[in-house]
Amino acid sequence: MMMVQGPHQPRGFSFIDLVLETWSTLWNITDEQPQNCDIFVSHFGLDLYLETFHACSEIKTDDRHAAMRITTLIRNMLGLMGNIAEVPHIRPRLQERDLIASFYILRSYNREYENECDIIENQLQRCRNSITYLL
């Protein structure tokens, strides 16, 4: 797993804050920006998504605040995946088994993610229909 470590962290700013802000920024800069989605995917962003997904799935906590932050993180990650799914030429990259499995796991795990997963699923269905049409 890739870890980001800086020389120091500002007082009151934790590693999880850094991860949350990073995914939030990635979600924002890919919104309606196909070229930024291309950059994300071409620089192993889908692998980063899966690594972060697996790391989140291993976290067990009774801390309500921590659980809310994890929920926010996953929502940001799914928002970014939704942006990528909107780009027709990138959409087939989301057809990988591990990615699809992560969307279904998240959808079944928490109803809060259902809308984001539906958006991605609808975009992937468009991809499947296009492939079927071409065949």
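This structure is a prediction, so every number in the text was calculated from the model and none was measured. This chain uses plain numbering: 1 for the first residue, then up along the sequence.
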Among Asn83, Thr25, Asn36, which residue satisfies the side-chain hydrogen bond (donor to acceptor under 3.5 Å, both in side chains) criterion with Thr30?
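The passing option is Asn83.
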Under 3.5 Å: donor-acceptor pair, side chain of [X], backbone of [Y]:
| X | Y | value |
| --- | --- | --- |
| Arg91 | Leu124 | no |
| Ser24 | Glu21 | no |
| Trp27 | Gly79 | yes |

Measure the shortest side-chain to side-chain distance between [X] and [Y] over non-hydrogen atoms and say whether it is less than 4.5 angstrom.
| X | Y | result |
| --- | --- | --- |
| Met81 | Leu46 | yes |
| Ile105 | Phe53 | yes |
| Ile100 | Arg97 | no |
| Leu26 | Met77 | no |

Looking only at non-hydrogen atoms, find the nearest pair between [X] and [Y] and report the distance.
| X | Y | value |
| --- | --- | --- |
| Ala55 | Ile59 | O-CG1, 3.4 Å |
| Thr61 | Ile70 | CG2-CD1, 4.5 Å |
| Val41 | Arg93 | CG1-NH1, 3.2 Å |

Applying side-chain contact (heavy atoms from CB on, under 4.5 Å), name anything that partners Ala101, two or more places apart in sequence or on another chain.
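Ala101 satisfies side-chain contact (heavy atoms from CB on, under 4.5 Å) with no other residue.
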Taking only residues two or more places apart in sequence, or in another chain, which ones meet Asp62 in a side-chain contact (heavy atoms from CB on, under 4.5 Å)?
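side-chain contact (heavy atoms from CB on, under 4.5 Å) check on Asp62 returns nothing, list empty.
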Can you sort out the partners of Arg69 under salt bridge (Lys or Arg N to Asp or Glu O under 4.0 Å), two or more places apart, ordered by chain and number?
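Listed in chain order: Asp17.
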Which of these, Ile90, Ile84, Ile29, sits in a side-chain contact (heavy atoms from CB on, under 4.5 Å) with Phe40?
Ile84
Mutual orientation of the aromatic rings belonging to Trp23 and Tyr49 [parallel < 30°, tilted 30-60°, perpendicular > 60°]
perpendicular
Decide side-chain contact (heavy atoms from CB on, under 4.5 Å) for Asn76 and Thr22; before the verdict, give the C-alpha distance in whole Å, the side-chain angles of both, and the deciding distance to 0.1 Å.
CA-CA 9 Å; Asn76 291 345; Thr22 300; over 6 Å; no
Starting at CG of Leu106, measure out to CG of Leu78 and round the result to the nearest 0.5 Å.
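Reported to 0.5 Å precision, the distance equals 5.5 Å.
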Can you measure from SG (Cys56) to CD (Glu51) and round to the nearest 0.5 angstrom?
12.0 Å
